[in-house]
Structures are given as C-alpha cells and as structure tokens.
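Comments concern the structure below.
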Amino acid sequence: MTQDELFKVLVAHCKEYGFIFPSSEIYDGLAAVYDYGQMGSELKNNIKSYWWNAMTRLNENIVGIDSCIFMHPRIWEASGHVGAFNDPLIDNKDSKKRYRADVLIEDYLGKIEEKINKEVAKGRKKFGDSFNEEQFRATNPNVLREKAKWDTVHDRYVAAEKANDLAEYKNIIVDCGIVCPISGTCNWTDVRQFNLMFSTSMGSTSEGASTIYLRPETAQGIFVNYLNVQKTGRMKLPFGIAQIGKAFRNEIVARQFIFRMREFEQMEMQFFIKPGTELDWFAKWKENRMKWHVNLGMGAENYRFHDHEKLAHYANAATDIEFNFPFGFKELEGVHSRTDFDLGNHQKFSGKKIQYFDPETNESYGPYVIETSIGVDRMVLAVLSHAYKEETLENGESRVVLSIPAPLAPVKCAVMPLLKNNEELVGLAQKIMDDLKFDFNCQYDEKDSIGKRYRRQDAIGTPFCVTVDHESLTDGCVTIRARGTMEQKRVAISELRSIIDKQVNMNNLLRNL
Ligand code: GAP
C-alpha cells in the first residue's frame, strides 16, 4: 500500500471506529472542520493529560491556566496578528478556486523531488547491491537536470519569501507553468495577502458592537495574564505558564485531514526568563520536548528538528519538531524564542507596566520568553498514523490493529463473557468490569465470536482483552490477551488490576521523562 493509500484508509478507519467524523456531516460537512467521536475524544484527552502533567506536575515552576477565546481586540494589534498574520493567496480566474501561492510553489518543488527519488529508485533496482546512491545523485544526467531546476526555483522562492515580494511569487508560478488542478490553466490573479483571523462582533446592538477575533493562538491569553499569575502565584523567574485550548485560523488551503484545520486545539507553554539567557533555555526546551515525544515509543527516527531560516516577526530563534506523517516529515510542534516582543508590546499598547523585579539583582526588566507550542490534533494524527497496521496472521487471516502507546489508548481493557446467554459468565464478567472501571476505561462486549470481538478491540487499539469462561467460575482465573503479541495467559482475577496497570498507567510514561 502506498503512503497515499494508507492515509485514505486511515481516514476511513477513523470514521468507522468512532475516532473522527467530518463536522456537520448530515449537511454535507464543513471544510476543514472535524468532530471527535467516542474513541477520538478519549485519545485526545489522554494526549492532553500526558502533556499537562509533564508540564505542570513534573516542573514545580510551571503552572497551568485556562483563558478565554474572546479577548480585547487591541491584543491582536499588540501581538502583530492584525498587521502580519497573513498568507499569500492567489485565485485561478477560470476555476475561481483560491490557493496559497507559497503552497503551489512548494508542491511544485515537492514534485521535482519525487522525480529525483524515482530516478534513484530505478538506479537502485538496476544496480542492486553495487548501487552507490551518493555517486548516482552526483552523476546521473536526469537527476542533475532536475536538481538544477529545483535549485533555481528554490533560490527564487526563498528570496521572494525573505523580501515578502508578492509579485515574484506570481512570476515563479507563471514561469514554472504551474496550473490550477481544477481548470488546468495558468490564468492567475495577482498574489494578495490574506489575514487568517476569524472576526465576529460583540455587543447587544449593531451600533454599539465592536469587532473581536477568535484567537488564532492560545499564547496571548498567557501573556496578558503574566502579571496576574506571577503576583498571585509568587512566581520567581524562570517560570512557565501552560495552557490547552481552542484556536481558529481561516486557512486558505486546509487539507490533509486534521493536520490543518480551521478550528483546532493547541497546547502551549510560555517560559519566562531573564534576558540574555534565552539561547540556553531554547536549547533546553528543544531537548525537553523531543524527549517527551520519543518517550512515547513511536521511534526516534520518526522525528527531526527543522531550524527556521526565516523567523516569525516575534522570534530570534525557532525550530519545528517534525514527525514522519504518511505524507512526509511535517511540523508537529514549534519551539520559539520570542524575546520580549509580546510582553513589551502589551506594555506599550495597554499602558500597564509589565516588568519583573529581580530580588537577587535588585533590578526590574521585561522577561524574555521561550515558547513550546503543539497542536493536539496533529498529535492525534501522529499517533494514529503511526499506530495503524494491517497484519497477516499465521493462520492466513488478517487483522487491522492500532498499536497506540498503551497509556494513550482510548479503551484500556475489554471484558468479555465467553457466551452472552449464560447468566453466570455474564454476571462474573460484569463484576470484573464493575471493579476495573474505577481504574481504567473499560468496555464490556458480549456480542459475536471471541475472535470477532478481539478484532473489534484491535481496531480501536485496546491493549488488553479479558475473557471469562466456564473454568473462571470455579478457579477464579480468566484469560488475558495482549494486543501486540496476541499472546493469551491464564491469570487470577485478583491480579488483573496490577497486570493492566503496569502497561497503561500514564505515570510510567511520566517517570521516564
Ligand atoms: N503560538 C505560536 C504558534 O501558534 P504555530 O507554529 O503557528 O505557532 C503551533 O502553531 C502549532 O499549532 C503547530 O506546530 C501545529 O501543531 C498547530 N497548528 C497550527 N495551525 C494549525 C492548523 N490550522 N490546524 C491544526 N493544527 C495547527
């Protein structure tokens, strides 16, 4: 199965098993908006709790808050979002479809890379064991031709991006013959800037109403509460404020399922520090966040850093933690050194003094900030796309299994009586369920054959299935079956809690950090 096919199958699986549904589906959906179903919301909650506890429980100097989506409109002027939170857009005059000019160019570059990779794959097939990829890339005429094309377009694109030269974006698109995938024509409008914030109005009468924005990041809710938290929590620098919440962006090109949505959720932490120490703290938080990811056991090789060449208006250093999604390595999280840009601007725009008095040096200054910012939905997609596997079993049957890290799995244990119409088996199974449900999210399942029930649980990633049979009524033991190995063991009912707990307890993950 190609990665493209795998992705389509994953999207269908997410819907079929209650993880993620297109929003407003009975009204034909709403573009780039998705709802989480019964399994998806459990998974999402577990991811959030792994992040929240790693931040606020493991660090005595990090506290959590929950600020509102609606904020004073001046905040978005101070933060630079009104003036600079834009994407370059271009319309095709024939299809009337709208695109991001930078994405059209990046896709074009991606296609050249694909061509090069195909040439390399052909070479590998032809030369077998004696294939030297480095030499092939440096000498094969087809590869060299495509590489030269890539370099020229890439250099022009980087220069245009740096200079914010919208006319040059259009020139590149026209010169490369990039056509609209719908109309197939190169009949483009000029490139314009498009602000990504959603606006609405607040106030009971239209005359008295003022325009407010749905927040495009949760971070500003932290900045404007800096003084409140610092004072009421008697926080000393360095300290952090963490927050999980919804953010909204009117993305021009929203695609790749929950990777880029118009309504999504962020987990952000602003770490306030003394100016001059930011590059040390930036390095520490880079390492800390990578450790949090790798600790989930989804393979260190599936993550990489991508340091930014072009920095956002607020940053003096920035990196992305990229994950190997089915459509390639893409940003999962950002770590940014935001200087005193935000606090400094809020001080200026609000007229309120936002400073820290350092009791050790007896001086006052505006703190600098290191930010870590991760999308909950992207994290859900990373976990699900890594977890999805189609396996052929020894007996020739096949199964779909989600190998979700056990502490994040929506359901931890399924309890099943061997037969549904045997009162004693059902009674004991329900008793076990009633006992375990205080510690773990459990599912009771009595329908269909045991084999079918195992498949259903594999498909939602349940780490354990417990089967109650006739012997259980006399020997006090049950069969416990593990998702990964499918190994079955006979264990005492009294041991179930500790066996399951060892694998699924979130604290085991947190202890390794
Ligand atoms: N406060 C900084 C900030 O918002 P960002 O790189 O724009 O930085 C941070 O966003 C993270 O939020 C991204 O790494 C990504 O995981 C997530 N994110 C951003 N836009 C998103 C979207 N449209 N849909 C889903 N997740 C998104």
Side-chain angles (χ1 to χ4, degrees), residues 20 23 30-36 40 44 47-48 51 67 69 71 75-76 78-81 84-87 100 102-103 194-198 213-224 240-271 282 285-286 289-290 292-293 303-308 310-323 325 327 329-339 341-343 345 369-385:
I20 299 158
S23 162
L30 184 64
V33 187
Y34 290 92
D35 295 336
Y36 284 82
K44 210 175 169 199
I47 288 173
K48 289 197 266 189
W51 183 88
S67 72
I69 288 169
M71 297 169 79
I75 285 173
W76 304 110
S79 69
H81 284 83
F85 194 52
N86 301 318
D87 274 343
R100 262 175 69 172
D102 54 340
V103 171
F194 175 78
N195 193 287
L196 299 185
M197 282 196 295
F198 283 103
Y213 299 99
L214 300 192
R215 66 180 177 198
E217 62 171 12
T218 57
Q220 297 305 324
I222 294 179
F223 288 123
V224 298
I241 305 180
Q243 167 160 240
I244 300 178
K246 289 273 188 170
F248 304 82
R249 295 182 189 177
N250 196 3
E251 301 281 0
I252 304 167
V253 184
R255 56 179 181 181
Q256 286 155 334
F257 193 34
I258 54 170
F259 183 81
R260 195 175 300 286
M261 299 155 87
R262 296 202 166 102
E263 173 178 342
F264 57 100
E265 213 167 350
Q266 288 186 314
M267 306 189 279
E268 298 201 295
M269 193 278 299
Q270 315 297 131
F271 198 69
F282 177 68
W285 277 108
K286 260 176 90 169
R289 292 306 302 147
M290 185 58 100
W292 183 89
H293 286 285
Y303 302 88
R304 69 181 187 197
F305 286 115
H306 171 242
D307 292 332
H308 289 204
K310 188 190 172 207
L311 294 169
H313 58 276
Y314 50 73
N316 73 355
T319 196
D320 293 338
I321 296 176
E322 294 187 335
F323 181 75
F325 288 100
F327 37 85
F329 273 93
K330 291 272 175 276
E331 175 186 345
L332 171 60
E333 168 157 11
V335 182
H336 312 124
S337 170
R338 285 180 85 127
T339 66
F341 175 86
D342 302 87
L343 289 185
N345 270 4
V369 170
I370 303 297
E371 160 185 82
T372 73
S373 173
I374 172 170
V376 181
D377 313 272
R378 279 198 197 171
M379 193 56 205
V380 169
L381 186 58
V383 169
L384 287 175
S385 58

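Scope of the values below: all heavy atoms of this structure, side chains included, with no hydrogens, waters or symmetry mates. Whatever order the structure lists ligands and atoms in, that order sets their numbers, starting from 1.
- When hydrogens are left out, the protein atom nearest atom 24 (N) of ligand 1 is Met261 N, 2.9 Å; that is the closest non-hydrogen contact.
- Contact annotation for Glu265 and ligand 1: no heavy atom of the residue comes within less than 4.0 Å of the ligand.
- With salt bridges taken as basic N to acidic carboxylate O contacts below 4.0 Å, none links Arg338 and Glu268.
- For the pair Val380 and Ile258, the minimum side-chain heavy-atom distance is below 4.5 Å.
- Here is the list of ligand 1 atoms found below 4.0 Å of a heavy atom in Glu217: 1 (N), 2 (C), 3 (C), 4 (O).
- Protein heavy atom in closest approach to atom 14 (O) of ligand 1: Glu331 OE2, 2.6 Å.
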Inset, instruction - Evaluate the side-chain hydrogen bond (donor to acceptor under 3.5 Å, both in side chains) criterion for residues His81 and Gln220: first the C-alpha distance (whole Å), next the side-chain angles of each, then the deciding distance (0.1 Å), finally the verdict. - result: CA-CA 11 Å; His81 284 83; Gln220 297 305 324; 4.7 Å; no
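- For a threshold of 3.5 Å applied to N or O pairs, the pair formed by Arg249 and ligand 1 contains at least one separation below that value.
- Scanning the protein for heavy atoms near atom 2 (C) of ligand 1, the closest one is Glu371 OE1, 3.1 Å.
- The backbone N or O of Thr218 sits less than 3.5 Å from a side-chain atom of Gln243, completing a donor-acceptor pair.
- Atom 8 (O) of ligand 1 has its closest protein heavy atom at His336 CE1, 3.7 Å.
- To the nearest 0.5 angstrom, Ile374 atom CD1 is 4.5 Å from Glu333 atom CD.
- Protein heavy atom nearest atom 18 (N) of ligand 1, with residue, atom name and distance: Phe264 CE1, 3.5 Å.
- When each atom of ligand 1 is checked for a heavy atom of Arg338 under 4.0 Å away, the hits are 1 (N), 2 (C).
- Once rounded to the nearest 0.5 Å, the distance linking CZ of Phe194 with CZ of Arg100 reads 11.0 Å.
- A heavy-atom distance below 4.5 Å is not found between the side chains of Asp377 and Tyr34.
- Nearest non-hydrogen protein atom to atom 9 (C) of ligand 1 is Ser373 OG, 2.9 Å.
- Protein heavy atom nearest atom 25 (C) of ligand 1, with residue, atom name and distance: Phe259 O, 3.2 Å.
- Near Glu333, the atoms of ligand 1 lying under 4.0 angstrom from a non-hydrogen atom of the residue are 14 (O).
- Heavy-atom distances between Met267 and ligand 1 stay at or above 4.0 Å for every pair.
- Inclusion of Ile258 in the set of residues having an N or O under 3.5 Å from an N or O of ligand 1 is not warranted.
- Scanning the protein for heavy atoms near atom 12 (O) of ligand 1, the closest one is Gln266 NE2, 3.3 Å.
- Between atom OH of residue Tyr213 and atom CE of residue Met197 there is a gap of 5.0 Å, rounded to the nearest 0.5 Å.
- Close N/O approach between Ile374 and ligand 1 is not found [any backbone or side-chain N/O within under 3.5 Å].
- For the pair Arg249 (side chain) and Pro216 (backbone), a donor-acceptor distance under 3.5 Å is present.
- The shortest N or O to N or O distance between Leu332 and ligand 1 is under 3.5 Å.
- Remark: of the listed residues Arg378, Lys44, Lys246, Lys44 is the sole one forming a side chain to side chain donor-acceptor pair (under 3.5 Å) with Glu265.
- For Phe257 and Phe259, the gap between ring centers reaches or exceeds 6.0 Å.
- When the heavy-atom distances from atom 1 (N) of ligand 1 to Glu251, Glu268, Gln256 are ranked, the shortest goes to Glu268.
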